[in-house]
Amino acid sequence: MSDLFVARSLEEIRFWSRIMKEHSFFLRLGFRCEDTQLIHEANQFYAVFEQIELKSHAYEANTDPQTIRQFNTEVYTAASYIWAFKRKVLGLILSCQLPGANNFPLLVDHISREANYFRNRLAELNAGRLEPLPDAIIDENVFFLKIMADHAKFIGHLLDPSERKLVEQAREFSHDFDQLVFQAIDLSSMRPQSQTVPLLSQFVGQNKVSVKSLRDFKKTARDLINDCRIKSIIHPLLADHVFREAEHFLVILDMFEHFLQGRNGSESY
């Protein structure tokens, strides 16, 4: 179990520390040139999470669990600080104190939700209290389906309006994932009666098909942006960023699918 704790902790930190680092970069790009204090803070967070990312790769699966537990606590603190920074920025935007800045309020809320998810995951790992898988299947999908729906909206708004076909595709994905979010919330509200293997298997399988389709769309958009073949204001790193998050969600869905298949058709838990 100690090996599993170390492996899962490092996996989460390696993935999410890079995401947090890139969030800092995206926020900085969206600030106005006169927002020098906010730019400075974003640069500081970039450096903090870059160091965390590098440190995470210095550890191995056989690292002492107590060392990793201390590292998790350190990273939890950094994630809490960047969460607070993101919520501060959101408050400034919503109170019209950053007119002309280019960070959508929904984007700032989106990245703060990811920071909160990250720190909660670290707290759960250190406490040894991960959710039972039937609950995790629903809660992870509620969280990540909303993330995917947001991505589709961001892509649609950052593509040039003349890219009509791609804009329309992004809108369709936004609508489809909004519907999946609502379905996930409905399934959540029916707990525990909804947590049967047939229902959860259908739920995971349906979502997996949709996420694969969105992942492929993101990959195409990323490649087109990298080759300068479409018109947009999407930074190439942002295109790759949202692609990697879809890939991460698919890994989680694969894990859930494998677990459900191992239930051998059992109706409940």
Side-chain angles (χ1 to χ4, degrees), residues 4-29 41-61 63 65 67-87 89-90 103 106-131 136 139-151 154 211 214-215 218 222 235 237-256:
L4 181 60
F5 164 75
V6 171
R8 293 194 68 171
S9 296
L10 292 178
E11 178 185 327
E12 294 287 347
I13 292 173
R14 287 168 182 167
F15 178 79
W16 287 109
S17 62
R18 182 179 179 185
I19 294 295
M20 295 299 113
K21 179 181 73 173
E22 292 171 356
H23 286 170
S24 306
F25 175 70
F26 300 143
L27 283 171
R28 188 186 74 196
L29 287 181
E41 290 181 74
N43 285 335
Q44 285 185 313
F45 280 117
Y46 186 96
V48 165
F49 282 98
E50 186 169 55
Q51 285 303 308
I52 288 171
E53 184 184 10
L54 289 170
K55 189 174 179 180
S56 72
H57 287 284
Y59 293 125
E60 298 179 350
T63 302
T67 299
I68 298 302
R69 190 167 282 106
Q70 292 171 353
F71 186 38
N72 284 352
T73 300
E74 172 191 331
V75 180
Y76 175 91
T77 300
S80 297
Y81 279 126
I82 197 172
W83 172 82
F85 175 63
K86 291 167 177 176
R87 299 308 291 184
V89 171
L90 179 61
N103 291 309
L106 181 62
L107 183 143
V108 181
D109 175 61
H110 172 102
I111 63 177
S112 75
R113 279 182 268 126
E114 292 187 343
N116 194 50
Y117 172 94
F118 181 27
R119 67 176 183 165
N120 286 343
R121 175 66 67 192
L122 293 170
E124 290 169 354
L125 283 164
N126 266 13
R129 291 198 304 266
L130 291 178
E131 275 192 312
D139 292 338
E140 292 287 306
N141 275 276
V142 170
F143 175 79
F144 277 104
L145 289 170
K146 170 64 173 166
I147 294 298
M148 296 299 112
D150 291 348
H151 286 171
F154 301 148
V211 176
L214 179 60
R215 185 273 313 273
K218 289 175 174 179
R222 181 197 66 181
H235 194 285
L237 182 60
L238 178 58
D240 185 61
H241 178 99
V242 298
F243 167 75
R244 278 183 274 116
E245 288 192 1
E247 287 272 81
H248 185 72
F249 186 19
L250 283 172
V251 169
I252 294 171
L253 290 172
D254 283 340
M255 181 192 73
F256 290 154

**Message:** Could you check whether any side-chain heavy atom of Trp83 comes within less than 4.5 Å of a side-chain heavy atom of Met20, counting everything from C-beta outward?
**Reply:** no
**Fill in**
With sequence neighbours left out, the residues meeting ring-ring contact (aromatic ring centres under 6.0 Å, His included) with His235 are Phe25
**Request:** Could you tell me which non-hydrogen atom of Arg119 sits nearest to which non-hydrogen atom of Ser80, and how far apart they are?
**Result:** NH1-OG, 3.3 Å
**Request:** I would like to know whether Arg87 and Asp109 meet salt bridge (Lys or Arg N to Asp or Glu O under 4.0 Å); could you show each step before the answer?
**Result:** CA-CA 7 Å; Arg87 299 308 291 184; Asp109 175 61; 2.8 Å; yes
**Prompt:** Is it true that the NZ or CZ of Arg121 lies under 6.0 Å from the centre of Trp16's six-membered ring and within 45 degrees of the ring axis?
**Reply:** no
**Tyr117/Phe144 aromatic ring centres below 6.0 Å** = yes
**Request:** Specify whether Phe154 and His110 have parallel, tilted or perpendicular ring planes, treating 30° as the upper limit for parallel and 60° as the lower limit for perpendicular.
**Result:** perpendicular
**Fill in**
Output for pair (Asp150 CG, Glu114 CD), nearest 0.5 Å, gives 8.5 Å
**Prompt:** What distance do Asp254 atom CG and Phe249 atom CZ have between them, rounded to the nearest 0.5 Å?
**Reply:** 11.0 Å
**Message:** Give me the atom names and distance for the closest heavy-atom approach of Ala42 to Ser24.
**Reply:** O-CB, 3.4 Å
**Complete:** Nearest heavy-atom contact between Ala78 and Ile52 is CB-CD1, 3.7 Å
**Prompt:** Among Ile68, Thr67, Leu125, which one satisfies side chain to side chain contact (heavy atoms under 4.5 Å, CB included) with Val6?
**Reply:** Ile68
**Prompt:** Glu41 versus Arg28: any side-chain heavy-atom pair under 4.5 Å?
**Reply:** no
**Request:** Determine whether Arg18 and Phe49 make a side-chain contact, defined as any pair of heavy atoms from C-beta on separated by less than 4.5 Å.
**Result:** no
**Prompt:** What distance do Arg14 atom CZ and Tyr59 atom OH have between them, rounded to the nearest 0.5 Å?
**Reply:** 11.0 Å
**Message:** Quick check for you: to the nearest 0.5 Å, what is the distance between Asn72 atom CG and Gln70 atom CD?
**Reply:** 10.0 Å
**Asked** Do Leu4 and Arg8 have side chains that get closer than 4.5 Å, going by heavy atoms?
**Response** yes
**Request:** Give the minimum heavy-atom separation between Glu60 and Leu10, together with the two atoms involved.
**Result:** O-CD1, 3.8 Å
**Item:** Test item: Asp240 and Arg244 side chains (from C-beta on) under 4.5 Å apart, heavy atoms
**Value:** yes
**Complete:** When rounded to the nearest 0.5 Å, the distance separating CD1 of Ile13 from NE2 of His57 is 10.5 Å
**Prompt:** Do Phe5 and Arg69 have side chains that get closer than 4.5 Å, going by heavy atoms?
**Reply:** yes
**Message:** One thing to verify: whether Glu245 and Lys218 come together as a salt bridge, which I'm taking to mean a side-chain N less than 4.0 angstrom from a carboxylate O.
**Reply:** no
**Message:** Measuring only between side-chain heavy atoms, which start at C-beta, is Ser9 closer than 4.5 Å to Leu122?
**Reply:** no
**Prompt:** Can you check whether Leu27's main-chain N or O pairs, donor with acceptor, with Asn103's side chain at less than 3.5 Å?
**Reply:** yes
**Message:** Apply side chain to side chain contact (heavy atoms under 4.5 Å, CB included) to residues Tyr81 and Val48 and explain how you reach the verdict.
**Reply:** CA-CA 11 Å; Tyr81 279 126; Val48 165; over 6 Å; no
**Note: Lys21-Glu53 ion pair, threshold 4.0 Å (strictly below)** = yes
**Request:** Just do the side chain to side chain contact (heavy atoms under 4.5 Å, CB included) check on Lys86 and Leu90 with the steps written out, would you?
**Result:** CA-CA 6 Å; Lys86 291 167 177 176; Leu90 179 61; over 6 Å; no
**Asked** Between CD of Glu140 and CG of Leu145, what distance do you get to the nearest 0.5 Å?
**Response** 10.5 Å
**Item:** Cation-pi geometry met for Arg113 and Phe118 (6.0 Å, 45°)
**Value:** no
**Item:** Close side-chain approach of Phe26 to Leu237, heavy-atom, < 4.5 Å
**Value:** yes
**Request:** Measure across Ala123 and Tyr76 and return the closest heavy-atom pair with its distance rounded to 0.1 Å.
**Result:** CB-CE1, 4.0 Å
**Request:** Would you tell me whether Thr73 and Asn126 have side-chain atoms, one donor and one acceptor, within less than 3.5 Å of each other?
**Result:** yes
**Asked** Would His241 and His23 satisfy side chain to side chain contact (heavy atoms under 4.5 Å, CB included), going step by step from the backbone distance to the final call?
**Response** CA-CA 9 Å; His241 178 99; His23 286 170; 3.4 Å; yes
